[in-house]
Amino acid sequence: MTKLGFTAVAATGISLALGSAANAEPKTLMLHQWATGSDAASIAILGEMFEEAGGSWEQTAISGHTANTLAKLRSDVIGGNAPAAVQLKGPEIAEWNATGMTSNLDELAASEGWDEVVAPELLPVMKPAGSWVAAPMNIHRINWLWASPSVMEEAGVEKLPETWAELNAACDKVVAIGKICLSHSSADWTDSTLFEVVVYGMDLDLYRSAFVEGDPDAIRSDGMIAALEQFQKMTSEYMDPGIFGRDWDNMPVQVGNGDAAFYIMGDWTIGNFAASGFEQGSDYICAQAPTDWDGAGFILNSDSVVFFQQNDPDYQEGQKLLASTILSPEFQTVFNKSKGSIPARLDVDLSSGFNPCQELAQAELKGSIEEGTLVRSMAHNMTVPQAVRGAIMDNVTEFVATPEMAPEEAANRIADAVEAEM
Ligand code: BGC
C-alpha cells in the first residue's frame with residue numbers, strides 16, 4: 001500500500017506513447033483549484049491554447065484551495081473516474097506516481113528536450129523516481145512583501161522593512177496614523193503562508209527541520225516559540241478585525257487602495273493587483289519579505305499537472321497535447337505574465353513584458369540558490385505530506401483565532417498534531 005492507501009501496481013506508470021492514435025480527437029478534463037479571480041483567468045489561458053492546438057477542453061475547478069482539490073481527486077479515483085489531468089504538487093506527485101496509475105511522460109519529455117530547459121530545482125519534484133510524471137507550469141515565490149508607497153509615506157516609513165524588527169517599527173508608525181499595517185484574511189492556507197514566511201525569515205535552519213523534515217522537536221523549540229511570538233504580534237496588533245471572513249483575493253486591494261501598508265503573500269498577488277487595475281511602482285511596490293539574516297531568500301512553490309492513465313484514445317491524445325502545450329515557451333510566457341509566477345523553463349526572456357517584480361524573483365531565485373537559502377513551501381504542498389501539512393495549518397489557524405493562546409502552547413499543539421501524523 002502507498003501512503004495514499006492504494007496498492008501500487010507498477011513503479012513507473014504507463015508511457016504516453018508518441019505518435020497519434022488513428023482518428024483520435026484530443027480532449028481533456030482537468031481537475032484543479034483555480035476557481036476564482038486571476039487564478040481562474042490564468043488557467044483559462046491554458047484552455048484557450050489547448051483548443052487553439054486542436055484539443056477540446058473541459059475543467060473541474062474546486063474552490064477552497066488545494067486540500068479540497070486533493071479530496072476530490074481521491075474520491076474520483078476511488079469512484080473509478082481518475083481525471084485525465086490534475087493539478088498536483090510536491091510529495092503528492094511522488095505518492096500518486098507510486099500507485100502506478102499516472103502516465104509516464106519520458107518519451108514526450110525526451111522528444112521536446114524538457115531536461116535541458118526546465119529549472120533544475122524542479123526536476124526532483126517532477127521526476128520523483130527518475131521518470132517525468134508532472135508537467136511544470138511555473139515557479140511561484142512565497143516570501144514577498146507587497147507595500148503601498150502612499151501609506152508608507154503618510155506614516156513616515158522611509159524604506160521597506162528588511163528585518164522583522166524593522167517591520168514591527170514600521171507597523172507601529174502605520175497603526176499610529178489609523179491605517180491597517182498588514183492586510184490579511186484568515187484561512188488555513190493564508191495563515192500558514194504568513195507563518196512560514198516568519199519562521200523562514202527568523203531562522204532558516206529551523207524552517208528546514210520543522211517544515212521540510214516535519215521534526216516535532218524543532219516545532220517545540222525556543223526558536224519556534226519566538227517565531228510564534230512575532231506572528232502573534234502581527235496578527236493581534238497589526239491586522240484589522242476584518243481578517244475573519246475576508247475573501248483572500250481582496251487582500252491586495254487594501255494595499256492597492258491605500259488602506260493597508262503591507263501584505264505578505266505569494267506572487268499570484270501580481271495577478272490580483274493587475275485584475276483590480278493596480279500598477280506596480282505607483283499603487284504597489286515589492287520586495288523580499290523580511291529576514292533576520294542577510295542575502296537573497298526564496299520559498300519556492302511550483303504548479304504542475306499530472307496525468308492519470310485513460311482507456312479512451314481521445315483522452316490519451318489530449319494528455320500529450322496538454323503536456324506539450326504546458327511546456328511550450330508561448331504558454332509559459334502568457335500564463336506566467338498573468339499568474340505572477342516565473343516560467344518553469346529557463347529559456348524564456350523576462351524582459352519582454354513581465355512585471356519588474358517577476359524579474360526580481362528570477363534574480364533572487366538565482367541568488368538564493370547560490371547562497372544555499374532556497375527552500376520549498378510547506379503551506380503550498382511542496383514539503384510534508386498533506387496530512388502533516390493539514391495538522392500544522394489547523395493549529396496555526398486556531399492560534400490566530402485564539403489571541404489569548406500562549407506561543408508555547410501553540411508550539412506544543414502543532415508538534416503533537418504533527419507527531420500524530422508521522
Ligand atoms: C497555488 C497558486 C495559486 C495560489 C492561490 C497556490 O497554492 O500554487 O497557483 O495562485 O495558491 O490560490
Side-chain angles (χ1 to χ4, degrees), residues 30-47 59 61-73 85-93 119 121-122 125-126 134-144 146 183-197 211 246-253 263-276 298-306 326 331-332 334-344 355 357-358 361 375-386 389-390 392-393 396:
M30 178 163 156
L31 172 64
H32 61 81
Q33 73 179 58
W34 295 300
T36 57
S38 64
D39 277 358
S42 302
I43 199 64
I45 292 170
L46 179 59
Q59 58 179 332
I62 304 289
S63 58
H65 217 245
T66 325
N68 292 1
T69 307
L70 292 173
K72 167 81 171 133
L73 170 63
V86 58
Q87 175 208 6
L88 214 54
K89 302 200 281 185
E92 275 91 30
I93 297 175
E121 298 65 48
L122 300 184
V125 182
M126 309 299 153
M137 306 170 100
N138 61 8
I139 296 175
H140 270 302
R141 184 197 205 178
I142 303 299
N143 56 319
W144 275 117
W146 311 97
S183 182
H184 192 63
S185 79
S186 181
D188 58 1
W189 69 273
T190 54
D191 292 337
S192 282
T193 298
L194 178 58
F195 184 53
E196 78 174 12
V197 174
F211 292 157
R246 177 176 295 135
D247 206 3
W248 70 267
D249 30 21
N250 281 331
M251 296 180 277
V253 175
Y263 174 44
I264 292 173
M265 185 51 61
D267 44 19
W268 46 88
T269 300
I270 294 172
N272 297 144
F273 277 132
S276 305
F298 203 101
I299 305 183
L300 180 145
N301 170 31
S302 173
D303 294 311
S304 47
V305 177
V306 167
I326 289 170
F331 172 76
Q332 296 269 330
V334 182
F335 175 76
N336 285 305
K337 276 184 186 170
S338 159
K339 192 83 174 53
S341 36
I342 56 176
N355 183 299
C357 303
Q358 290 171 294
V375 296
R376 295 186 198 152
S377 167
M378 176 278 295
H380 293 274
N381 304 76
M382 297 297 293
T383 62
V384 290
Q386 170 61 20
R389 169 182 178 257
I392 297 173
M393 295 203 310
V396 169

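When a ligand or atom number is given, it counts from 1 through the structure's own listing order. From a predicted model like this one, the values you see are computed outputs, not experimental measurements.
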For this session: Examine distances only and state if a side-chain atom of Arg141 and a backbone atom of Asp267 form a donor-acceptor pair shorter than 3.5 Å.
Result: no
Seminar exercise, completed: Residues at least two apart in sequence or cross-chain that pass ring-ring contact (aromatic ring centres under 6.0 Å, His included) with His140, listed by chain then number, are Trp268
Check ligand 1 against the protein and report each N/O to N/O distance under 3.5 Å, formatted as atom name, atom name, distance.
unit_1	atom_1	unit_2	atom_2	d
ligand 1	7 (O)	His65	NE2	3.2
ligand 1	7 (O)	Lys89	NZ	3.0
ligand 1	7 (O)	His380	ND1	2.6
ligand 1	8 (O)	Lys89	NZ	2.8
ligand 1	8 (O)	Asn301	ND2	2.9
ligand 1	8 (O)	Asp303	OD1	2.6
ligand 1	9 (O)	Trp34	NE1	2.8
ligand 1	9 (O)	Asp303	OD1	3.3
ligand 1	9 (O)	Asp303	OD2	2.7
ligand 1	9 (O)	Lys339	NZ	2.6
ligand 1	10 (O)	Asp39	OD1	2.7
ligand 1	10 (O)	Asp39	OD2	3.4
ligand 1	10 (O)	Lys339	NZ	2.7
ligand 1	11 (O)	Gln33	NE2	3.4
ligand 1	11 (O)	His65	NE2	2.9
ligand 1	12 (O)	Asp39	OD2	2.7

Exercise. Taking only residues two or more places apart in sequence, or in another chain, which ones meet Ser276 in a side-chain contact (heavy atoms from CB on, under 4.5 Å)?
Worked result: Val253, Phe278
Exercise. Which value, rounded to the nearest 0.5 Å, describes the distance between Ile142 atom CD1 and His380 atom NE2?
Worked result: 4.0 Å
Problem set entry | ring-ring contact (aromatic ring centres under 6.0 Å, His included) against Phe298, all qualifying residues, sequence neighbours excluded | none
Exercise. Taking C-beta and beyond as the side chain, do Ile139 and Ser341 meet within less than 4.5 Å on heavy atoms?
Worked result: no
